[in-house]
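A short worksheet on the structure shown next.
Side-chain atoms are counted along with the backbone in the values below, which use heavy atoms only and exclude waters and symmetry mates. Residue numbers run from 1 in the order of the sequence given.
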Amino acid sequence: METISWLSAILIGLFQGLTEFLPVSSSGHIMILNEWLNVNLEGGSLQLFTILLHVGTLLAVLIMYRKNIIEMIKHPIASDFKWLVVATVPTVIYALALKVTGIEDTLDANARTLLPWMFFLTAIFLFLADKFAQYRAAAKSTHKNVKCKDALAMGLMQCIGTFAGVSRSGSTITGGLATGLNRKKVADFSFMMSIPAILGAVLLDILDLEGATASVLTHSIGPVIAGILVAFISGLIAIKFMLYMIRKIRLRVFSVYVGILGAVILIMDLIK
């Protein structure tokens, strides 16, 4: 019987919500947390639980940016909707290419081995993001409205953020700061980009579902609902916290954190 404890579900939901929007890689944290907690879910059941947690974080960003979404629906041309499409296209092409060529399976099979190195890559991105922001501010070459080059750069960086251990938000924010988009706007647009990214990930996961997926819902419905609610609430907190952090505090704080995390995982792997 595949089940998940209340503690495991709540902890995984908490980390999913927080790390989805903080630049530290949600996929990398959930991979390690599942391993350390020894979660009693496999195959389709684990996939289904992950999908439901993503729904929780998706609701968080939809509620947080509901006004922006309504504006995009009302004015798709005048709003940032067109740039959201531009930013999403590279990721869609990239994801389909990986799936069609079979490279996705190879990457998935080696994801755990590459995890510490991907955390190191995230640390480098966040360090560079600060440098880009400082350079642009000193040169007075920042802008507050998204342009085509911003959307394209952030979209291309989002492709790299699909690797476990590489932060999607950290990658996209790095791309936006490099092109000169100001800190507040780059964070807002990065979070808006997460909507089609999460929807796409959920859709692909649903298509790939395998195994007796109903077991996790049948035997652990309470913990599963608790995990979703925690992911939703912690996601809201993470978005607000990140918006404050990116305006007040340098991203190198997160860079140091993921760098240390990557080193700890690497050392633990070596001494096993």
| Does the side chain to side chain contact (heavy atoms under 4.5 Å, CB included) test come out yes or no for M31 and L115, once each step is laid out? | CA-CA 9 Å; M31 184 181 293; L115 186 60; 3.9 Å; yes
| Step-by-step side chain to side chain contact (heavy atoms under 4.5 Å, CB included) determination, M154 to T179 | CA-CA 9 Å; M154 294 175 75; T179 57; 5.9 Å; no
| query | Please walk me through it: do L62 and I69 pass side chain to side chain contact (heavy atoms under 4.5 Å, CB included)? | reply | CA-CA 8 Å; L62 287 175; I69 295 170; 3.5 Å; yes
| request: Given side chain to side chain contact (heavy atoms under 4.5 Å, CB included), test M64 with K240 step by step and report yes or no. | output: CA-CA 9 Å; M64 191 70 185; K240 292 182 179 181; 3.4 Å; yes
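Going from atom CG of L266 over to atom CG of L261 covers 11.0 Å, rounded to the nearest 0.5 Å. Taking CD1 of I233 as the reference point, atom CG of L18 lies at 11.5 Å (rounded to 0.5 Å). For the atom pair CG (D80) and CG (N145), the distance works out to 7.5 Å, reported to the nearest 0.5 Å. With rounding to the nearest 0.5 angstrom, the CD1 atom of I93 is 12.0 Å from the CG atom of L98. Here the CZ atom belonging to F21 is positioned 8.0 Å from the CG atom belonging to L236, to the nearest 0.5 angstrom. Of the inter-residue distances, the one linking L229 atom CG with L53 atom CG reads 10.5 Å to the nearest 0.5 angstrom.
Between H29 and F119, the ring planes lie perpendicular to each other; the angle is over 60°, past the 30° to 60° tilted range.
R136 pairs by the salt bridge (charged side-chain N to carboxylate O under 4.0 Å, His left out) definition with nothing, not counting sequence neighbours. Residues satisfying the salt bridge (charged side-chain N to carboxylate O under 4.0 Å, His left out) criterion with D269, sequence neighbours excluded, are R112, K272. By the salt bridge (charged side-chain N to carboxylate O under 4.0 Å, His left out) test, D188 pairs with K184, sequence neighbours left out.
Side-chain contact between M193 and T88 is absent, with no heavy atoms from C-beta onward closer than 4.5 Å. Side chains of F232 and I63 form a contact here, defined as non-hydrogen atoms less than 4.5 Å apart. By the 4.5 Å heavy-atom criterion applied to side chains, I12 and I30 are counted as neighbours. Side-chain contact between V258 and F254 is absent, with no heavy-atom pair separated by less than 4.5 Å.
For CZ of F120, the number of neighbouring non-hydrogen atoms (other residues, nucleotides, ligands) closer than 6.0 Å is greater than 12. Around the OH atom of Y65, the shell of radius 6.0 Å holds more than 12 heavy atoms that belong to other residues, nucleotides or ligands. The 12-atom threshold is not exceeded at CZ of F15, counting heavy atoms of other residues, nucleotides or ligands nearer than 6.0 Å.
Without hydrogens or angle criteria, S255 side chain to A123 main chain gives a donor-acceptor distance under 3.5 Å. Of the possible polar contacts, none joining the S167 side chain to the T122 backbone as a donor-acceptor pair under 3.5 Å is found. With hydrogens and angles ignored, the 3.5 Å screen pairs a side-chain donor or acceptor of N182 with a backbone N or O of K185. For the pair S27 (side chain) and T162 (backbone), a donor-acceptor distance under 3.5 Å is absent. Using a distance-only test at 3.5 Å, with no hydrogens or angles considered, no donor-acceptor pair links the side chain of S194 to the main chain of S190. With hydrogens and angles ignored, the 3.5 Å screen pairs no side-chain donor or acceptor of S171 with any backbone N or O of I160. A donor-acceptor pair under 3.5 Å is formed between the side chain of K82 and the backbone N or O of S79. A donor-acceptor contact shorter than 3.5 Å links the side chain of D150 to the backbone of K147.
Residue F163 is not grouped with residue L126 when hydrophobic side chains (ILVMFWY) are merged at heavy-atom distances under 4.5 angstrom, including chains of intermediate members. Tracing side-chain contacts under 4.5 Å through hydrophobic residues (I, L, V, M, F, W, Y), one reaches I198 starting from V89; they form part of the same cluster. There is no path of hydrophobic side-chain contacts, each under 4.5 Å, that joins F127 to M157. V85 and Y94 fall into different hydrophobic clusters, where Ile, Leu, Val, Met, Phe, Trp and Tyr residues are linked whenever their side-chain heavy atoms come under 4.5 Å apart, directly or through other members. Using a 4.5 Å cut-off between side-chain heavy atoms of Ile, Leu, Val, Met, Phe, Trp and Tyr, with links allowed through other members, I267 and L121 fall into different hydrophobic clusters.
For A226 against I10, the heavy-atom pair with the smallest separation is CB-CG1, 4.1 Å. Shown here for P116 and G262, the closest heavy-atom pair between the two residues is CB-O, 3.4 Å. Shown here for F125 and T174, the closest heavy-atom pair between the two residues is O-OG1, 3.1 Å. Smallest separation of non-hydrogen atoms from L251 and I173: CD1-CG2, 3.9 Å. Closest approach of A231 and T57 over heavy atoms only: O-CG2, 3.9 Å. Annotation for P90 and L156: closest pair CB-CD2, 4.0 Å, computed over non-hydrogen atoms.
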